[in-house]
Amino acid sequence: MKSGRIAGLDLARYLALAGMVLVNFRLALHPVHPGPAWLEWLFAALEGKASATFVVLAGLGLALATRAQAPIAARYWTTRRALFLLPIGLLNMLVFPADIIHYYAFYFLLALPWLQSGKRALCLGILSLAGLSNWALLNFDYGAGWDWTTLQYADLWTANGFFRNTFFNGFHPVLPWLALLLYGMLLAHLPLQHVRTQWALAATGLSMAGAAFLLAWLGQDSQWSWLLGTGPLPPGPGYLLLGMGSASTVISACLLIERHWPNGPWTWMLPAGRMTLSLYLAHIFIGMGLLEEVGALNGTWSLQEAALAACAFLAAATPAAWLWALWKPQGPVESLMRRLTAQR
């Protein structure tokens, strides 16, 4: 593309955002009526995997954006972006406790030692974070602060509770989610626009997902089933493998679509894929805000209605992003971030 962006990655960002919108609308609406089996399966397939893909893509984008910068400039630029995201995420968390943006600020700050690192250092970082996360799960109380029936976190706004939630047992804690960001940074070292790399990434992603399901199956009747499962709460080794595998598969599929179907109708999704931060906030403040206005957040809607509400938001947001892109290439929040964090 003329902007230097890889269209397949923007498509992957859009798909990851769409998956998160579906999952978050279900979380906000907490439907009491189960849906058909295929819809239950779809939500189970998206839960934790869409957000993992989102974080992997963030790491990939961070590495691509900083690899040509001087080391000090790259760290300064990344720090400024983290400091921009932190207050936005904290304010968003007052409305939507499952916010991911404030976690991004911590991911970026803690990823500074690996910024512009080589593949070996990134691999060691991923393995170290995975090992530390598993050690923490085995030695600390993962349920501390949680009411699992309502998914409310009791002491979130205390110093101890916020630290615990951010680094250990929140919706997207640093351990092990920072490993997903580093995995995205690792993918940036690959020649992603080569077809051989794209197919190899697809095979790797499917193999990692298969290994995660095998691990969960082998441990399903053991005392470690809670740790070896593929669900995001708690994020054990199986979940981390599945998150990386899902992200790899989605990214490779989108890159292959770009290669073999360059002018397909999927290109209409690209402006939205370049405005994911703006649309993420919009799906909470506008999408969920409208649902609250009509009294939908009282647990009376069905799973089908939650899915329809999410699809309605995406159906409105996608052309809105396309129209906005006729005026500015970045979304409103992305434009503000670029203006406030630009190199001076």
Side-chain angles (χ1 to χ4, degrees), residues 1-21 50-51 53-69 73-74 76-89 92 100-101 104-105 107-108 115 181 184-185 187-188 192-193 247 250-251 253-259 261-287 313-344:
M1 299 179 66
K2 291 181 181 180
S3 64
R5 298 181 69 99
I6 301 174
L9 297 183
D10 286 331
L11 174 61
R13 289 186 185 94
Y14 175 83
L15 296 178
L17 174 72
M20 291 177 68
V21 169
S51 51
T53 302
F54 209 53
V55 173
V56 170
L57 285 162
L60 205 165
L62 176 64
L64 292 176
T66 58
R67 64 183 178 184
Q69 297 179 8
Y76 186 41
W77 180 85
T78 303
T79 300
R80 288 204 306 272
R81 292 218 158 189
L83 295 178
F84 174 86
L85 293 172
L86 183 58
I88 292 177
N92 188 48
I100 197 174
I101 296 175
Y104 268 59
Y107 302 156
F108 283 8
L115 205 61
L181 189 88
M185 294 169 68
L187 294 185
L192 291 174
Q193 291 182 300
V250 169
I251 291 169
C254 291
L255 292 172
L256 287 166
I257 288 172
E258 177 190 3
R259 171 176 293 276
W261 199 16
N263 297 312
W266 61 271
T267 56
W268 284 80
M269 304 174 188
L270 295 182
R274 294 192 287 268
M275 303 179 192
T276 50
L277 178 57
S278 296
L279 294 180
Y280 178 85
L281 291 170
H283 98 279
I284 295 170
F285 286 95
I286 299 177
F313 172 81
L314 292 169
T318 304
W322 185 86
L323 290 172
W324 177 277
L326 297 177
W327 179 43
K328 283 188 176 181
Q330 295 88 28
V333 183
E334 288 83 357
S335 297
L336 179 62
M337 179 168 64
R338 172 170 288 197
R339 182 180 303 175
L340 295 179
T341 63
Q343 298 282 10
R344 291 180 175 86

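Under the side-chain contact (heavy atoms from CB on, under 4.5 Å) criterion, Leu326 pairs with Trp322, Leu323, sequence neighbours left out. Residues passing the ring-ring contact (aromatic ring centres under 6.0 Å, His included) test with Tyr14, sequence neighbours excluded: none. Qualifying side-chain hydrogen bond (donor to acceptor under 3.5 Å, both in side chains) partners for Arg67, counting only residues two or more places apart in sequence or in other chains: none. Annotation: ring-ring contact (aromatic ring centres under 6.0 Å, His included) contacts of Tyr280 (sequence neighbours excluded): His283. Partners of Ser278 by side-chain hydrogen bond (donor to acceptor under 3.5 Å, both in side chains), not counting sequence neighbours, listed by chain and number: Glu334. Annotation: side-chain contact (heavy atoms from CB on, under 4.5 Å) contacts of Ser335 (sequence neighbours excluded): Lys328, Gln330.
The distance from the CG atom of Leu57 to the OG1 atom of Thr276 is 8.5 Å, given to the nearest 0.5 Å. Leu279 CG to Phe313 CZ: the interatomic distance, rounded to the nearest 0.5 Å, is 5.5 Å. Distance check: Ile251 CD1 to Leu256 CG gives 12.0 Å after rounding to the nearest 0.5 Å. Distance OG1/Thr267 to CG/Asp10: 11.5 Å, rounded to 0.5 Å. Taking CG of Leu15 as the start and CE of Met20 as the end, the distance is 13.0 Å to the nearest 0.5 Å. Rounded to the nearest 0.5 Å, atoms CG (Leu314) and CG (Leu17) are 6.5 Å apart.
No side-chain donor-acceptor contact under 3.5 Å links Thr318 to the backbone of Ala315. Between the side chain of Arg274 and the backbone N or O of Ala321, no donor-acceptor pair lies under 3.5 Å. Remark: side-chain polar atoms of Thr66 are paired, donor with acceptor, to backbone N or O of Leu62 under 3.5 angstrom. Looking at Trp266, its side chain does come within 3.5 Å of a backbone N or O of Trp261 through a donor-acceptor pair.
For the side chain to side chain contact (heavy atoms under 4.5 Å, CB included) with Phe108, the qualifying choice from Leu83, Thr79, Leu85 is Leu85, the only one to do so.
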**OP:** Using the side-chain contact (heavy atoms from CB on, under 4.5 Å) rule, take Leu270 and Arg5 through it: C-alpha gap first, then chi angles, then the decisive distance, then the call.
**Re:** CA-CA 11 Å; Leu270 295 182; Arg5 298 181 69 99; over 6 Å; no
Original post:
What's the verdict on side-chain contact (heavy atoms from CB on, under 4.5 Å) for Leu9 and Leu255, showing C-alpha distance, side-chain angles and the deciding distance?
Top reply: CA-CA 7 Å; Leu9 297 183; Leu255 292 172; 4.3 Å; yes
Original post:
After noting the C-alpha distance and the side-chain angles of Leu60 and Leu192, does the key distance pass the side-chain contact (heavy atoms from CB on, under 4.5 Å) rule?
Top reply: CA-CA 11 Å; Leu60 205 165; Leu192 291 174; 3.9 Å; yes
Original post:
Can you list the steps and then say if Leu181 with Tyr104 is a side-chain contact (heavy atoms from CB on, under 4.5 Å)?
Top reply: CA-CA 9 Å; Leu181 189 88; Tyr104 268 59; 5.7 Å; no
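The heavy-atom pair separating Gly8 from Cys254 by the smallest distance is O-CB, 3.2 Å. Between Phe54 and Arg13, the closest heavy-atom pair is CE1-O, 4.2 Å. Between Ala247 and Thr53, the shortest heavy-atom contact is CA-OG1, 3.5 Å.
Relative to the six-membered ring of Phe84, Arg80 misses at least one condition, a distance below 6.0 Å or an angle of at most 45° to the axis.
Here the side chains of Met337 and Leu277 are in contact, with some heavy-atom distance below 4.5 Å.
Classified by interplanar angle (parallel below 30°, tilted 30° to 60°, perpendicular above 60°), the ring pair Trp324/Trp327 is perpendicular.
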